[in-house]
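For reference, the structure discussed in these notes is given below.
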Amino acid sequence: MDKPSLPSGTRDFGPEVMMRRKYIIGVVEETFKRFGFLPLETPAVENLKTLQGKYGDEGDQLLFKILNNGDFLAKADENLLLHRDSKAITQQISDRGLRYDLTVPLARFVVMNRDKIHFPFKRYQIQPVWRADRPQKGRYREFWQCDADILGSQSIANEGDLIQIYDSAFAKLGLKVNIRFNHRGILDAFAPWLQGSVNHNRFMQLIDKADKIGFEGVLNEIKNEAIPNGAEAWSLLHTINSLNTTEEKLKALQNEAAIQHEGLQKGISEISQLLALLKNVPVTNALTLDVTLARGLSYYTGMVMEVVPEDNRIPADFRIGSIGGGGRYDNLTGVFGLKDVTGVGISFGLDRIYDLMEAALLFPHESIQSTAVLFCCMEDSALPAAFGMARNLRDAGMATEVYPGSAKLKKQLDYANNKGIKWACILGEQEVADGTASIKNLISGEQNTIPQSQILQHISQ
RNA sequence: GCGGAUAUAGCUCAGUUGGUUAGAGCACCAGUUUGUGGCACUGGGGGUCGCCGGUUCGAACCCGGUUAUUCGCCCCA
C-alpha cells in the first residue's frame, strides 16, 4: 500500500495549530463585527466563467480547474484533442474551478442579489482560497483570507475604517506592523510622462518590487527595459518617498510640474481627507504613505494598502511578504453587468500571520488551553458518579473529560499530563463510598480529598 | 513556466574510501511501582534505505532516469 500523503502546498492542521488559527480568526472576526461588518460565505467552487479573465493571464493559469463529470471527452473537439491543445481543450472539459480570492465571489454575489442588498453593503468573509502556484516559504496552494469590504459608498470614511481595523486587529494580536498606503491616482499621473499605458503598467510592476530589490535594483531593471523617462520618474518617486512626513510628500507631489494630472489631484485630496479623519483616532502601528506601492491586482483604482510586519521579535532570517492588502476598486461589479458600484476592501493573510506569530513566539498562553478537569476512575463502577460531577462542571462552563474506562491510574495521569490538563479528579472505591473526590493539581502536585459538592469551588480558586 | 537542494523507523537525523545482521534521539508499548503523572532505569515493537534501471563479487553509499518534497525566480496573501 502507498504511504498516504498530501498534495503539495496543502497542510493538515493538528489540534494545537487549529487552536492558534482559531485564535487569530477570532480576533480578526471580532474586529470586523465591531465595525459593523456582517458575515458572508460563498461556495469553494465557482463557474469558471466567473473566475476567468479577472486576474490577468497569469492568474488564469493559477486557477484550479475541476474536470467535468460524465463522459466529458465525448463532446470535446476532436481537432483540439488531436493537437493536444491543453489550453483550448480546458474550455470544453472544465466548467468549474476553485475560487482564487474572495473579492470576485463577492462581486458576483452582489450582482446576483442587488435587489436584496442595501448600500453601503459591509460584509466580511473568512474562507480558504486556492491557487495553483509553486509553493514555497509563506506561500501555499490552499490558504485562508479574511476579507472585509464596503460596496456602494465613495466616502473616504470607509478607508478610514479599514485602516483602523488593520491597526486594532494587529494591536490585539500583539504583532507590530507597518500599514503602507498609496493612491493609484498618484501613479496614474506618471502615465503620460512614461508615454503610454504599456510602459506605465510595466513601470508599476517594477517599482512594486522596491522593498525587495531596493532603489538600485529597480533602477537597473527600468534601464534594462528602456522605459522612456522611467529612470527620471523612479528617481522622483524615490526622492519623495524619502521625505519624513506624509504632508511633506503630498506637498512635493503637488509641486512637481512633470506629473500634473487629475489623478494626482484626486490622490492628494483623498489622502488628505483620510489623514483628517484619523486625526482624533490613536493609531498604534506605523502608517506610511509609500508612493512606490502599486499592488498587483489590476482592478484597483483609488487608495491601495498593504501591511508588512515590522516587529523586532521576528527572527532576522524569517523573510515573508505582505500579510494583508487591499484597496478601492471602482468597477469590479462592472464585469458582471452592474455599473457604478464602487467598493473598497482589505484582506488579512491568515497563514502568513500564523507563520509570523509562530516564529516570533507571540501566541499567548490562553490561545492553547483545552481541558481543565479530567475524571480518573479506578473502577468502572465509579463512572456514573464521575458522569454526574462532570455534568455539573460542564454546566458551569469548565471543559471537562471523563477518562473512558478504568485504565491504570498511571496511564490516566499520563494522558492528563500530555494534554496539559491542570486538574485530575480521582475516584476509587473509597471516594465513591464516602461521597468524596481526590482532586490533584497536576502542576503543583498537591492533592486533597474533598466532598464531591466542593469540586467546582476548589478548582475555581 | 524556469533553476538549485533533499529523499534512511511514526518524527528529527547519523551512517567512514562501496564490505557481514542499517543505527541514535524523540514518540509509542510494557515493566521497575496491585491507587498517583512529569524524572530515572530496563526491555519491546517498528525500515523493500522514495521508485526503476545500470556499474560491481558486493550498493543506503557510485552513475542514469523518474516521482515526491522543499528553497529560490516570475507572480502573489
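In the text below, chain A, chain B and the rest are named by the order of the sequence lines, each starting its count at 1. All values below were derived from every heavy atom in this structure, side-chain atoms included, with hydrogens, water molecules and symmetry-related copies excluded.
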message: What's the gap between B/rG45 and B/rG25 when it is taken at their P atoms, as a whole Å value?
response: 15 Å

- prompt: Which part of the nucleic acid, if any, lies within reach of A/Tyr415 when heavy atoms closer than 4.0 Å are counted: base, sugar-phosphate only, or nothing?
  reply: nothing

message: Is A/Gln136 close enough to B/rC71 that one of its side-chain N or O atoms is under 4.0 Å from OP1 or OP2 there?
response: no

Near-ring test A/Phe348/A/Tyr166, centroid separation under 6.0 angstrom: yes

- prompt: Which value, in whole Å, describes the distance between the P atoms of nucleotides B/rC61 and B/rA7?
  reply: 11 Å

- line: Between A/Glu46 and the options A/Lys65, A/Arg96, A/Arg108, the salt bridge (Lys or Arg N to Asp or Glu O under 4.0 Å) test singles out A/Arg108

message: Check this one for me: any side-chain N or O of A/Lys440 less than 4.0 Å away from OP1 or OP2 of B/rG35?
response: no

query: Base, sugar-phosphate alone, or nothing: which one does A/Pro128 contact when heavy atoms must sit under 4.0 Å apart?
result: nothing

task: For A/Asp133, answer base if it contacts any base atom (sugar-phosphate contacts may also be present), sugar-phosphate if it contacts only those atoms, and nothing otherwise; contact means non-hydrogen atoms under 4.0 Å.
output: base

field: Shortest non-hydrogen contact between A/Leu80 and A/Ala88, atoms and distance
entry: CD2-CB, 3.7 Å

- prompt: If you take all heavy atoms of A/Ala437 and A/Ile455, which pair is closest and at what distance?
  reply: CB-CD1, 4.1 Å

query: Have A/Tyr329 and A/Asp149 got a donor and an acceptor in their side chains that come within less than 3.5 Å?
result: yes

field: ring pair (Phe, Tyr, Trp, His ring centres under 6.0 Å) assessment of A/Trp234 paired with A/Phe215
entry: CA-CA 8 Å; A/Trp234 173 232; A/Phe215 172 74; 5.6 Å; yes

message: Closest approach to the side chain of A/Arg134, judged atom by atom: which nucleotide of B/rC74, B/rC2, B/rG38 is it?
response: B/rC2

Note: A/Lys49-A/Asp95 ion pair, threshold 4.0 Å (strictly below): no

- prompt: OP1 or OP2 of B/rC29 less than 4.0 angstrom from a side-chain nitrogen or oxygen of A/Lys411, does that happen here?
  reply: yes

query: Taking for each residue the nucleotide of RNA chain B with the nearest heavy atom, is it A/Ser8 or A/Asp351 whose nucleotide lies nearer the 5' end?
result: A/Ser8

Whole-Å distance separating the CD atom of A/Gln205 from the C1' atom of B/rC75: 9 Å

field: Stacked pair A/Phe143-B/rA77, distance under 5.5 Å, angle under 30°
entry: yes

query: Rounded to whole angstroms, how far apart are CZ on A/Arg352 and P on B/rA77?
result: 8 Å

- request: For B/rG64 versus B/rC74, give the span between their P atoms, rounded off to a whole number of Å.
  value: 30 Å

- request: Can you sort out which residues in residues 421-434 of chain A have a heavy atom within less than 4.0 Å of RNA chain B? Ascending by number, please.
  value: A/Ile426, A/Gly428, A/Glu429, A/Gln430, A/Glu431

- line: Whichever of A/Glu379 and A/Tyr140 has the more 5' nearest nucleotide on RNA chain B, that residue is A/Glu379

- prompt: How is A/Ser347 classified with respect to the nucleic acid when contacts are heavy atoms under 4.0 Å: base, sugar-phosphate, or nothing?
  reply: nothing

query: Is the distance between the ring centroids of A/Tyr354 and A/Tyr23 under 6.0 Å?
result: no

message: Say we look at B/rC63 and B/rG4: how far apart would their P atoms be, to the nearest angstrom?
response: 16 Å

- request: Take atom C1' in B/rA27 and the same atom in B/rG46, then report the distance between them in whole Å.
  value: 12 Å

message: Checking side-chain contact (heavy atoms from CB on, under 4.5 Å) between A/Arg123 and each of A/Ile150, A/Asp147, A/Leu151, which is the one that passes?
response: A/Asp147

query: Could you give the CZ-to-P distance, from A/Arg295 to B/rC76, as a whole number of Å?
result: 9 Å

query: Just how far, in rounded Å, is P of B/rC76 from CZ of A/Phe348?
result: 21 Å

- prompt: Heavy-atom distance under 4.5 Å between the side chains of A/Leu38 and A/Lys122, does that happen here?
  reply: no

statement: Among the nucleotides B/rC76, B/rG38, B/rC75, whichever has the atom closest to the side chain of A/Asn417 is B/rG38

Pairwise C1' distance for B/rG47 and B/rC13, with rounding to whole Å: 15 Å

message: Would you say A/Lys410 places a side-chain N or O within less than 4.0 Å of OP1 or OP2 belonging to B/rU34?
response: no

- request: Grab the CZ-P distance between A/Arg131 and B/rG1 for me, whole Å please.
  value: 18 Å

task: Specify the separation, in whole Å, of atom NZ of A/Lys137 and atom P of B/rC73.
output: 12 Å

query: Contact class for A/Leu102 (heavy atom, under 4.0 Å): base, sugar-phosphate, or nothing?
result: nothing

- prompt: Is a donor-acceptor pair below 3.5 Å formed from side chain A/Gln447 to base B/rU36, judging by atom type as modelled?
  reply: yes

field: 5'-to-3' dot-bracket of RNA chain B (Watson-Crick, G-U; under 3.5 angstrom; crossing pairs as [ ]; | other strand)
entry: (((((((..((((.....[...)))).(((((.......))))).....(((((..]....))))))))))))....

- prompt: NA contact type, A/Gly59, heavy-atom cut-off 4.0 Å: base, sugar-phosphate, or nothing?
  reply: nothing

query: Is it true that A/Lys172 and A/Glu30 have a side-chain N and a carboxylate O under 4.0 angstrom from each other?
result: yes

query: Whole-Å distance between B/rC76 P and A/Met204 CE?
result: 11 Å

- prompt: Under 4.0 Å between a side-chain N/O of A/Arg139 and OP1 or OP2 of B/rG72, yes or no?
  reply: no

message: Counting the atoms with a prime plus P, OP1 and OP2 as sugar-phosphate, which does A/Ile323 contact under 4.0 Å by heavy atoms, base, sugar-phosphate, or nothing?
response: sugar-phosphate

task: Select base, sugar-phosphate, or nothing to describe what A/Lys419 touches, counting heavy atoms under 4.0 Å on all strands.
output: nothing

Separation between the P atoms of B/rA9 and B/rC51, rounded to whole Å: 10 Å

Electrostatic pair A/Arg295-A/Asp208, nearest N-O below 4.0 angstrom: no

task: Decide, yes or no, whether a salt bridge links A/Arg11 with A/Asp351 under the criterion of side-chain N to carboxylate O below 4.0 Å.
output: yes

message: Between P on B/rA27 and CG on A/Asn418, what's the gap in Å once rounded to a whole number?
response: 9 Å

Separation of the C1' atoms in B/rG58 and B/rG65, to the nearest angstrom: 23 Å

